[in-house]
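For reference, the structure is listed below as C-alpha cells.
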2 protein chains.
Amino acid sequence: MSRPFLSPFHAKPSPITDDGDEFTFCSSCAFAGACRAEGYDKSALEELHCLVEHVGPYHAGTPLFREGDPFNAIAAVRSGTVKTFRIDASGREQVLGFFLLGEVIGLDAIHNGRFPCNAVALDTVSLCRFSFPMMATLATRMPGLQAQLFRLLSQDINKAAAMAGDFSADERMAAFVLSIARRFAYRGFSPTRFVLSMSRTDIGNYLRLAAETVSRVVRRFQDEGLLRVDRREFEILDLRRLQQLALPVLRE
Amino acid sequence: MSRPFLSPFHAKPSPITDDGDEFTFCSSCAFAGACRAEGYDKSALEELHCLVEHVGPYHAGTPLFREGDPFNAIAAVRSGTVKTFRIDASGREQVLGFFLLGEVIGLDAIHNGRFPCNAVALDTVSLCRFSFPMMATLATRMPGLQAQLFRLLSQDINKAAAMAGDFSADERMAAFVLSIARRFAYRGFSPTRFVLSMSRTDIGNYLRLAAETVSRVVRRFQDEGLLRVDRREFEILDLRRLQQLALPVLRE
DNA sequence: TCGCCGCTTTGATCCAGATCATCTGAGCGG
DNA sequence: CCGCTCAGATGATCTGGATCAAAGCGGCGA
C-alpha cells in the first residue's frame, strides 16, 4: 500500500490548545528556537500551530515519501528514526541521512518541488508535518523563523559536504558514532550509550562502506577499547580517541 | 597580504543608476529570478541595489575568504571562477566547489556565522557582494526573493549530496564535464566547448581522485571519442555516452 | 635563444576496502 | 523444542584507484 505520506490527507487536525503536550510538541522540534526568538509571541505561536499537523505513528518499514513525489511539506521527527535514500540504476541503495528526534526532513526537496529521495521509518515514527508554503509565508512575518529555516538549510549543506570528503573507514565510522551520540545527547539522552535502529547494511550504505567493513571496524574499535557493542546497543568507552579519529570528518 | 575579502571595506559603493550596466548586473546573478518574480517592482529592485556592492577584480590566486572568517555577506560571481576548499589536518586539500558566472558563494556559512571553508580566485574574479542580514530583511518584504534564497540553499544540499555518493572515477569525471558544460550553456556560452580555469589537481581534489587518475580518465575519454581535450580546453564529442556515464551521479 | 619551473602525462607497484563464500546466532512461529 | 530466517561476523581473494617515480612539455624570464 503506497500513498504519499507527507500529504495532508493522512493528517489528523491539530487542536490549538494551550495545555498538555499539544502545546509542547514544539519543544522537541527544530522550530522551538524560532518560537523563542520571537519572544513567544502568542499569535505567532498560534499561527505556527495552525500549520502543523501531527502525523503517524508509522511502523518500521513504512515509506514516508518517494523520490519524485511532489513536495509540499517538511516534517520534524517527533519520535523514532527516519532513513532517506536513493536507489541507483544498478539497484544499490545510497543512504542520504538518518533523522532522529527533532530533526527536519525534506529541506532538499524545496529546490525543485519534488522529493529527490525516498524516506522510510526505521522504527515507530511520528512526525510534525509543516506545510512549506504556509511556513514560508509565516516566515515573512517572523524573522526568527526565517532565520531558523536559513540556518537549517545551511546546516544540511555542511552535513552533506562532510560526507563527501574522502575519509578512511575508521574516520567515517568514528564520526558516525560520535554524531549519533551528540545528537542523542542534545535531546537529553545519554551522551555515551544509545541503541541504533538501523542495520549494519544501512550504516554501510550511509558511510559508503560495505556492511562487512562496518562489522570489521566495529570489532576493531571494541578490541581497542573504544566501544562496547552488543548487537545494536553502543557504548562509548574512549571518547577522546574516538574524537581524535573523527577529527578530519567533524572538524571541531 | 591577507585580508577579509567579502568584508565591506573592500567594496566600492554601488551607484543606483538606471542606465548602463550598473543596472543590468542583476541579469547575470542568481537573484534575477527573484527580481522578476516581484514583477520588477521598482522600489524593491532599488532596495536590492542598495545592499549590493561590486567588489574585485581579484587576480588569480587571491584568497576571497578563509575558514573561520566571520560571515556577513554572500556573493554572486560576476566574472571568473572561484574555488572553495578545506585543508585537512594532514595538509590535503578538499575542494568543495567551483563557482562560475552567476553562482552564489557563502550559503554554507549561514549555519554558524562563520565561513566553513576557504575561497580563492582561480582567474580574474569580480563579485556582487550582498549583505546577508540586509538581504534577509529585504526577503521579508519580497517573498520571491525569500523563495529564491530557499531554492538556492536547497540546491546546494543536493549538489553536496551528489558528490557524497560512491561513484567510479569515470562516472565522477563524466558528471563533472557535463555539469560544467551545462552551467556554461545556461549562461549563454557554448554547450559543447569550454576552457577550464582549474588545474587537474583541483579537479582531482574536487572529485576525490588523484590528479593522475583524472589525467588517465581524460585520456581514455579522448581515446574513446567522448571528448577532445587540449590542455584546459574541452570539447564534448559524444554527449549521449557522456550522459549515460554520468547518469548515476546526475540522475536525470 | 636557452634553461628553468610548474603542470601534466605515463608507467610500475601497492593497498584499503570490496566482493565472494561461509559460518554463527538471535528471534520467532509452529 | 525444533527448525527456519535473516542480521551479523569472519575469512580469503580481488581490484580500482592511490602512490611512487620518471619523463614530456609549454610558458616565461633572462
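Chain letters run A, B, ... following the sequence lines, proteins first, then strands; residues in each count from 1. No experiment lies behind these values; they were computed from the predicted model shown.
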B:S199 side chain N/O closer than 4.0 Å to the phosphate oxygens (OP1, OP2) of C:dC7?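 It does not, given that no N or O in the side chain of B:S199 lies less than 4.0 Å from OP1 or OP2 of C:dC7.
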Quick one: which of [options] gets closest to the side chain of [X]?
X	options	value
B:R92	D:dA18, C:dG17, D:dT19	D:dT19
B:T213	C:dT10, D:dG17, D:dA9	D:dG17
B:R200	C:dT9, D:dG17, C:dC20	C:dT9

B:R220/B:D170 salt bridge by N-O under 4.0 Å criterion: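 Salt bridge present between B:D170 and B:R220.
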Give the rounded distance in Å between these two atoms: [atom1] of [X] and [atom2] of [N].
X	N	atom1	atom2	value
B:R172	D:dA18	CZ	P	10 Å
B:F167	C:dA18	CZ	P	15 Å
B:M173	D:dG17	CE	C1'	15 Å
A:E212	C:dC23	CD	P	16 Å
B:I203	C:dC7	CD1	C1'	12 Å
A:D223	D:dA9	CG	C1'	12 Å
B:L209	C:dT8	CG	P	15 Å
B:D170	D:dT15	CG	C1'	14 Å

Taking atom CE of B:M198 and atom CG of B:L122, what is their separation to the nearest 0.5 Å?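 The CG atom of B:L122 is 6.0 Å from CE of B:M198, to the nearest 0.5 Å.
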Can you measure from CZ (A:F99) to CG (A:L127) and round to the nearest 0.5 angstrom?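 Here the rounded value is 11.5 Å.
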Whether the side chain of [X] and the base of [N] hold a donor-acceptor pair under 3.5 Å is what I'd like checked.
X	N	value
B:R231	D:dG27	no
B:R216	C:dG11	yes
B:R220	C:dT10	no

Qualifying residue for side-chain contact (heavy atoms from CB on, under 4.5 Å) with B:F221, from B:V217, B:V218, B:D223: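 With B:F221 as partner, side-chain contact (heavy atoms from CB on, under 4.5 Å) holds for just one option, B:V217.
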Scan B:R232 against the nucleic acid and name what it touches under 4.0 Å (heavy atoms): base, sugar-phosphate only, or nothing. sugar-phosphate
Base, sugar-phosphate, or nothing for A:A169, non-hydrogen atoms under 4.0 angstrom? sugar-phosphate
Residue closer to the 5' end of DNA chain D, A:S215 versus A:D166 (nearest nucleotide):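 Its nearest nucleotide being more 5', the pick is A:S215.
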Taking atom CD as the centre, does B:Q244 end up with more than 12 heavy-atom neighbours from other residues, nucleotides or ligands that are less than 6.0 angstrom away? no
